[in-house]
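Quick notes on the structure that follows.
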Amino acid sequence: MIFFSFYFVSYLVGIAHCSAVHHQLSLDFYSKSCPQLDQLVSSVTSRRFRDFPVSGPATIRLFFHDCFVEVPSNNGGGGGVVVERDVGDNKSLAPEGFEAVDEVKALVETKCPAVVSCADILAIAARDFVHLAGGPYYQVKKGRRDSKVSLASKVKLNLPRANSTIDELLRLFTSKGLSLADLVALSGAHTIGFSHCDQFLGRLYNYKGTKKPDPFIDPRLLKALQMSCPHFGGNTDIVAPFDVQTPFLFDHMYYGNLEANMGLLASDQALFLDNRTRPLVQAFGKDKAKFFEAFSLGMEKMGAIRIKRGKKGEVRRVCSKHNKSG
Ligand code: HEM
C-alpha cells in the first residue's frame, strides 16, 4: 500500500513559530483586514478533503512540526539557511499539507493581499481538517507572524521520535509549556493518517536488540504489519495506517487501540504502558467528548508556542520562502 510519493524541494516549515503568551493572539485579529478569512480557508480545505483526503493528516502534522520547531528571531535571517523541510523527520512530511497551505495562501492573497500570515493560515487549515474528519471544531486565535529564518539544526532537537520514551516526550512537551494531558490528548491526532514502515520496523523484527518482535503488539496486527513491511529490502515508500479501521476518521479509537496493544509507534503504545499516562488513555478511550475537549485545548496551546509578533516576524508573500530570499 503506497499512499504518497514524496518529493523534497526546499520549502517552508518554520513558517509559523507559534508565543507562550495566549492573550497576544486574538479571535478577531483579521476582522477588519480580512473579514472573510475563515470562509476563504474553508473553501479550499473542504474541497481538498474531498479530493485528496490525505491533505487532512498531512496538514495537521505540519502544524505540529511548525509549532514545535522554533527559531530564534535574532539570528540573521534571509538567504543561505537550510530550509527545515529538508531535514530529518521533516522529510517525511507529506506534500499534501504544504500544497493545502499554498493553495489557501494564493486565494487569500487575491482578496486580502499581504496581511494574513502563513502561520495563521496553517493553524486555521489544521482546525478545519480536524473538523472535516469528524473531530472537534474549535476557535483559532490569530495574529502570528511568519518566521524570517529557518534553521535545519533546530529540527532534530525539537521533534519527538517514534521510539521516544515517555520521559523524553514529557521533557520535550513540558519544555514547550505543554502538560502531560496535552501530550496524551495531542497524540490522539494519530487517530488519522499513516506512518512509513521504517518508523516502527524495529518493533516488528528486533525489539530492543532481542531479534524478536515487541511483545506489546497484538499478534494479528503484527502479522499484518510484517506482511506490509518486510524486514529487509522493502519499498521505503510503504506506509501503514495508525488506525487500521478508520484511518480518515477523527474519533477516539486511537486510545481503544492502545488498550488493545494496537498502537503503531512505540511512542504511541508507551502512553498505555506507562503508569503516568495510562489513566488518561483509558479516560479518553471511554469518553470521546473528554478527548475532544482536551485535544482542542492542546491545539490552542500548541498554536501559541513562541509565536512571532511585530518586527520579529513577517507576513510571507509565498509560504515556501522568506520574503528576503526573493
Ligand atoms: C507525541 C509525540 C509524537 C511522535 C513521536 C510522532 C511521530 C510521528 C511519526 C513517526 C509519524 C509518521 C511519519 C511518517 O513516516 O510519515 C507521524 C505522523 C503523524 N503525526 Fe505524529 N508524532 C507525535 C505527535 C503528534 C502530534 C502532537 C500531532 C498533531 C497534533 C501529530 C500528528 C500526526 C499526524 C496527523 C500524522 C499522519 C501524517 C500523514 O498521514 O501524513 N503527531 N507522527
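Note that ligands are numbered from 1 as they come in the structure, with each ligand's atoms numbered from 1 the same way. Residue numbers start at 1 and run along the sequence shown.
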Looking at ligand 1, is there an atom of it that comes within less than 4.0 Å of some heavy atom belonging to [X]?
X	value
Leu183	yes
Ser164	no
Phe63	no

Side chain, backbone, both or neither: the part of [X] lying under 4.0 Å from ligand 1 by heavy atom:
X	result
His196	both
Leu265	side chain
Leu169	side chain

Need the atom name: nearest N/O/S atom of His190 to atom 21 (Fe) of ligand 1.
NE2
Residue [X] vicinity, atoms of ligand 1 by number, heavy atom under 4.0 Å:
X	value
Gln199	10 (C), 15 (O)
Ala94	41 (O)
Ala58	41 (O)
Gly193	37 (C), 40 (O)

What side-chain donor-acceptor pairs closer than 3.5 Å can you find for residues 30-37, not counting sequence neighbours?
{"unit_1": "Tyr30", "atom_1": "OH", "unit_2": "Ser117", "atom_2": "N", "d": "3.2"}
{"unit_1": "Tyr30", "atom_1": "OH", "unit_2": "Asp120", "atom_2": "OD2", "d": "2.6"}
{"unit_1": "Ser31", "atom_1": "OG", "unit_2": "Asp28", "atom_2": "O", "d": "3.0"}

For Phe272 and Phe216, I'd like to know if the aromatic rings sit close, meaning centre-to-centre distance below 6.0 Å.
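No.
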Would you tell me which option among [options] has the nearest heavy-atom contact to [atom]?
atom	options	result
atom 2 (C) of ligand 1	Ala270, Ser267, Pro160	Pro160
atom 39 (C) of ligand 1	Ala266, Ser55, Pro57, Gly97	Pro57
atom 27 (C) of ligand 1	Phe64, Phe242, Phe250, Phe200	Phe64

Answer yes or no on whether Lys176 is positioned over the face of Phe68, meaning its NZ or CZ is under 6.0 Å from the six-membered ring centre and within 45° of the axis.
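Yes, cation above the ring, under 6.0 Å and within 45°.
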Does a side chain donor of either Tyr138 or Arg127 reach within less than 3.5 Å of an acceptor in the other side chain?
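Result is no, nothing qualifies.
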Taking atom types as modelled, find out whether Asp128 and Ser42 have a side-chain donor-acceptor pair closer than 3.5 angstrom.
no
Cluster partners of Leu222, using ILVMFWY side-chain heavy atoms under 4.5 angstrom, listed by chain and number?
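Its cluster partners, ordered by chain and number, are Phe200, Leu201, Leu204, Tyr205, Ile217, Leu221, Leu225, Phe242, Val244, Met262, Leu264, Leu265.
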Any donor-acceptor N/O pair, [X] side chain to [Y] backbone, under 3.5 Å:
X	Y	answer
His252	Phe284	yes
Asp198	Thr236	no
Asp66	Ala119	no

